[in-house]
Trainee: 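Handing you this structure, nothing more for now.
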Amino acid sequence: MSKKHLLLYILLTCMVLPTLGGDLKNRYPRSVLEKHLIKPGTFEPVPRASDPYWQKNVPKAMRDSYIRVGETYLGKPWQAMRLDLFKEFKANGNRTNYENVCFEKRRQLSCLAMAEIIEGKGRFMNDIVKGLQSMLEETWWGIPAHYSTDHPVRNDQTVDLFNAETANLMVWIRYMLRDQLNKKAPKLCDQIRDEVKRRVLQPVLKENYWWKRAGNNWNPWICSNWLNCVMFCETDRKLQLDAVEQIIGCLDTFMDSYPADGGCDEGPGYWNRAAASLYDALYILRVSTGGFIDLSNDQKLKNMGSFIYKTYIGGGQSVNFADNHGNNTANQADVIYTFGMYINDATMRGFARSLWKGDNKAGDEFRKRGNFTTLGREMIFLSMVDRFEREKAIEPNNPDNWLPNLQIMTARDQHLFLAMKGGHNDESHNHNDVGSFIVYGDNRPVLIDPSVGSYTAATFGNNRYAIWTMQSGYHNLPQINGVDQHEGKDYKARNVIYKPGVLTMDIAGAYPADAAVKSWVRQTQLVRGQYIEIKEDYELKKYVRPTKIMLLTTTRPKIKGGKITLGNYEIQFNKKEMNASFENISDKLDRSLQNLWGKEMYRIVLTIKGKRTKGTITYKIVRR
């Protein structure tokens, strides 16, 4: 590390840190930015590729891995973004065909750039130049699901997630490889700067996009990319200040919308682009103000960071409520570590180290991060790699976690893991799943939340809840009088009571009137060293049709008497109270879900016998 960057690092990690006493806009107004924000053209967050840091400080096995992955792209053609694929979204709702090409192209450019930065011999520069030029030829950098018409036009540069993210990739390459690019293609750096201004910096400053006022991942995800573009490419001091002032206001809105417990209602998979993107922006603000803007002691931010390990199951898997796109946390090690460094969370740092696959897998993990790899994050991570290498790997195994605002409990013992959620049915990326729970045994799924399949036009349209993965009937929940839960903020848990290892709530309020339910008090409890017990204490207004308790699993059930065997675990129930059967729902799994769970999924159906309108049902999950 150069002397300049070493001094900056010491300043940022050793200074006395403030706690947040007011909102961001009031704490860091325009006058503060004018005094502390560095001037245009002086932003240097990490050493450039020409600095020997990358060959001297990054371990050889890591360097070799990044280079090996980059070599797989040498000489590979650059794909044009086809209009027919773009048009598919409006024509038939398909968004994956275009996105797959778009994301792989950006992954290709990221991996080539990383290999060149790490090796520093110029071998990858011809491909990088061609890739950058190909990107500049694209009409728009976003995806069709975020565009108003079925084809992009030059004068409509809507700033969406991936327009901003592509711009961020471009400006980081321009910064890191400036000297090399100037030798190969002298005007290319200026072209990138001008296109980033036209496609992102100008429209985003002018337009009052909805996401600027949003409490979901769009806000910090775009703002973190926008901020990098400002600091790397904006040459006008007034416009630089205007942009950063707006960004701080947007981040303020996002933080205000977050619950005090730091819970991400979009799930751990979206934490990567919610709380972690907020951190990305805050880190850049700290660097670009010489440490003046610093939220590293803010308790809410600390809670937002710790969410990622509070919802961790084990073996690289996390709780996956809502549109979580799976349960794998392992490919987030880079940002988990740097976020943990920012807020001085030792558990977070040790967690990141435990997720690391080994230095010789660094390039492979880099290639798999997110929709496409985020070069800037990796550069910041590698700027701290010496500390990371010394970190002790510690997998978090907190016996109990409770997020009171989000109403999520986790509990574990040596073999069993239980998570349950309350909340309401209008959360971000919502599924109708109030009161649902999941069970893992020895880090293997026993009872699951199905997650979400590939996104289509219907996923965020009027027919969202016609999709089976969104319905309570395909979560671990009762179907009361034949009726599933309803979407909406008014459909929520009531009388939620938590004790370590035990969560109790009345979920009747999550069902519409035709369910004819007065109360349905569900209690889940981990009796450590023994079993998980679920108690359903219910009262119906009337009997309409049989009530069924649905349970999802990826293991083909074997039913005998009052036991349902699921591999090394079994569900024990009173056969006098309920009949057990199961349905093979494997044909519902698209490729995305198959990649997550395999090719099999089953729905266990426990049907309550008789026409009683009041009763208590108890069943257990036990290790065999």
Trainee: Between Asn272 and Arg377, do the side chains contain an N or O donor and an N or O acceptor separated by less than 3.5 Å?
Mentor: yes
Trainee: Centre-to-centre under 6.0 Å for Trp271 and Phe339, is that the case here?
Mentor: yes
Trainee: Mind telling me whether His429 and Phe460 have parallel, tilted or perpendicular rings, with 30° and 60° as the class edges?
Mentor: perpendicular
Trainee: Can you name the nearest heavy-atom pair linking Ala276 to Val335, along with the distance?
Mentor: CB-CG2, 4.0 Å
Trainee: Distance from Met304 atom CE to Asp261 atom CG, nearest 0.5 Å?
Mentor: 10.5 Å
Trainee: If you measure from CG on Leu477 to CD1 on Ile549, what distance do you get to the nearest 0.5 Å?
Mentor: 10.0 Å
Trainee: Could you label the plane-to-plane angle of the Phe103 and Phe162 rings as parallel, tilted or perpendicular, counting under 30° as parallel and over 60° as perpendicular?
Mentor: tilted
Trainee: Report yes if some heavy atom in the side chain of Thr149 is under 4.5 Å from a heavy atom in the side chain of Tyr147; otherwise report no.
Mentor: yes
Trainee: Do Arg353's NZ or CZ and the ring of Tyr337 fall within the cation-pi criteria of under 6.0 Å and 45°?
Mentor: no
Trainee: Apply side-chain contact (heavy atoms from CB on, under 4.5 Å) to the pair Arg107 and Arg367, showing each step before the final yes or no.
Mentor: CA-CA 7 Å; Arg107 190 175 297 114; Arg367 176 160 45 184; 3.5 Å; yes
Trainee: Please find the pair of heavy atoms, one from Tyr258 and one from Cys264, that lie closest to each other, and give the distance.
Mentor: OH-CB, 3.2 Å
Trainee: Run Met601 and Trp597 through side-chain contact (heavy atoms from CB on, under 4.5 Å) and show every step you take.
Mentor: CA-CA 8 Å; Met601 188 176 291; Trp597 299 117; 3.4 Å; yes
Trainee: List the atom of Phe89, the atom of Thr456, and the distance in Å for their closest heavy-atom pair.
Mentor: CE1-C, 4.2 Å
Trainee: I'd like to know if the side chain of Asp590 reaches the main chain of Leu593, judged simply by a donor and an acceptor atom lying under 3.5 Å from each other, with no hydrogens or angles considered.
Mentor: yes
Trainee: With Phe321, which of Lys421, Met420, His431, Glu266 fulfils side chain to side chain contact (heavy atoms under 4.5 Å, CB included)?
Mentor: Lys421
Trainee: Using the benzene-type ring in the case of Trp, are the ring centres of Phe573 and Tyr619 under 6.0 Å apart?
Mentor: no
Trainee: Looking at every heavy atom in both Asp280 and Ser224, which two are closest together, and how far apart are they?
Mentor: CB-CB, 3.8 Å
Trainee: Any idea which heavy atoms bring Asp345 and Tyr309 closest together, and the distance?
Mentor: OD2-OH, 3.0 Å
Trainee: For a 4.5 angstrom cut-off between non-hydrogen side-chain atoms, does Tyr209 reach Ile222?
Mentor: no
Trainee: Minimum heavy-atom separation for Leu566 to Thr555, with atom names?
Mentor: CD2-O, 3.6 Å
Trainee: Aromatic rings Trp210 and Trp218: how do their planes relate, parallel, tilted or perpendicular, breaks at 30° and 60°?
Mentor: tilted
Trainee: Do we see a donor-acceptor contact under 3.5 Å between the side chains of Asn430 and Tyr491?
Mentor: no
